[in-house]
Amino acid sequence: MALEPGAIIAARRIPLTRGDLLAYAAASGDGNLIHQDETVAKQMGLPGVIAHGMLTMGIAVQPVVDWIAETAPGARIAEYGVRFTRPVVVDAAGAEVTIEAKVGAVDAAAGTARIDLTAIAAGQTVLAKAQVRVAGLGPGDDAA
Amino acid sequence: MAVNPDLLGRSYPRTDPVEVTPERVAAFARAVKASEPGTGVPPTFAIVVQQAALDALLADPTTGIVLERTVHGEQRFAYRRDLVVGDVLTGELSITGLRALGPAAMVTAETVIRDASTATVATATSVLVVGSEEA
């Protein structure tokens, strides 16, 4: 499979509820109450309860994990980084994060690719410079 | 500056071991909305180790870093290999960057994550933006 820069490899809409934030707090060990308690969040000057940045970061990369499993099982994620630009406010009705993963650059000789992620909530970008470097996309991958 | 300027270069003791158990991985995978059936350990599970390391940093009263004034600005992971169930991981955090950002401070904390054989599995880097007391 030839990878072309600009190709969209995954797009997902992920609903997020306050229950999801509690589940992430328990699973990750991040018990900061700004992700659970509206009163605490507002005391901190936030518009309301916000998702853990790490939850958004975690959700955003899973489509790439699936893409590797489905199309390049020998490959792996070598690097992943994001900047947190805006909080994802999760009100009582919940929120939705839209994720898109697009091929940013390919180095066929090295067997690596950069996948650029976008994450949008309430019409605004919430992660910047969200990039995944995938390694182990061997030259043989073209023939596969 | 909003934090102790002597922070740069400081290291913290290795964290308690974090066991990558099937139960922990399943809970984390559900939380980050991983597909079912599972496709291994979610990459950002490494934050569990870094979180333990950051807890030590945040508990240190000499840093000037106060959670209530701290925002997670940036996060990066570099992986030598995938995390796997059965790994027993520890993290060693050091402060590798510190600079003023107006009245605030940007603190870069790097956690080297090792497995039971002490081989490095991943490096997790957090950039924390610490606001000044007056702000």
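Since this is a predicted model, take the numbers as computed values, not measurements. The chains referred to below are lettered A, B, ... by the order of the sequence lines, with proteins before strands, and numbering in each begins at 1.
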Over all heavy atoms of both residues, which pair between B:D82 and A:I77 is shortest? Give the atoms and the distance, please. OD1-N, 4.3 Å

Give the member of B:R24, B:R76, B:E74 that has the highest number of heavy-atom pairs under 4.5 Å with chain A. B:E74

Testing the basics here: between B:F28 and A:S28, what is the closest heavy-atom pair and its distance to 0.1 Å? CE1-CB, 4.2 Å

Flag yes if A:I50 and A:L21 sit in one hydrophobic cluster, no otherwise; membership is Ile, Leu, Val, Met, Phe, Trp, Tyr, and two members link when side-chain heavy atoms are under 4.5 Å apart. no

Would you check if B:P43 and A:V65 make a side-chain contact, meaning some heavy-atom pair closer than 4.5 Å? yes

Most chain A-contacting option - heavy-atom pairs closer than 4.5 Å, from B:A34, B:A27, B:A52, B:G40: B:A34

Which distance, rounded to the nearest 0.5 Å, do you find between the CZ of A:R133 and the CZ of B:F77? 15.5 Å

Got a second to check how far B:Q75's CD is from A:T56's OG1, nearest 0.5 Å? 12.5 Å

Student check: side-chain heavy atoms of B:K33 and A:L16 closer than 4.5 Å: yes

Is it the case that one hydrophobic cluster holds both A:W67 and B:V41, taking links as side-chain heavy atoms less than 4.5 Å apart, direct or via other members? yes

With a 4.5 angstrom heavy-atom cut-off, is it the side chain or the backbone of A:Q62 that approaches chain B, or both, or neither? side chain

Against chain B, work out which of A:A69, A:A78, A:G29, A:A23 has the most heavy-atom pairs shorter than 4.5 Å and name it. A:A78

Residue from B:A78, B:A122, B:A26 scoring the most non-hydrogen pairs under 4.5 Å with chain A is B:A78

Identify which part of B:Q51 has an atom lying under 4.5 Å from any heavy atom of chain A, answering side chain, backbone, both or neither. side chain

Hydrophobic clusters here meaning ILVMFWY residues chained together by side-chain heavy-atom distances under 4.5 Å, can you tell me if A:V89 and A:L33 are in one? yes

Considering only heavy atoms, which portion of B:R80 lies under 4.5 Å from any heavy atom of chain A: side chain, backbone, both, or neither? backbone

Report which part of A:V82 has an atom under 4.5 Å of a heavy atom belonging to chain B: side chain, backbone, both, or neither. both

Below 4.5 Å from any heavy atom of chain A, which atoms of B:L67 appear? Answer side chain, backbone, both or neither. side chain

For residues A:L46 and A:L127: do they belong to one hydrophobic cluster (side chain heavy atoms under 4.5 Å, members Ile, Leu, Val, Met, Phe, Trp, Tyr)? no

Measure across B:Y79 and A:E79 and return the closest heavy-atom pair with its distance rounded to 0.1 Å. CD1-N, 4.2 Å

Heavy-atom contact with chain B under 4.5 Å, split by part of A:M44: side chain

Just verifying a value: how many Å separate B:E68 CD and A:I34 CD1, rounded to the nearest 0.5 Å? 9.5 Å

B:E19 CD: over 12 foreign heavy atoms closer than 6.0 Å: no

Would you name the heavy atoms of A:V61 and B:T44 that are closest together and state the gap between them? CG1-CG2, 4.4 Å

Report yes if some heavy atom in the side chain of A:R12 is under 4.5 Å from a heavy atom in the side chain of B:S35; otherwise report no. yes

Only pairs of heavy atoms separated by less than 4.5 Å count here; which of A:Q43, A:R83, A:H52 has the most with chain B? A:R83

Single-linkage hydrophobic cluster B:V127~B:L98, side-chain heavy atoms < 4.5 angstrom: no

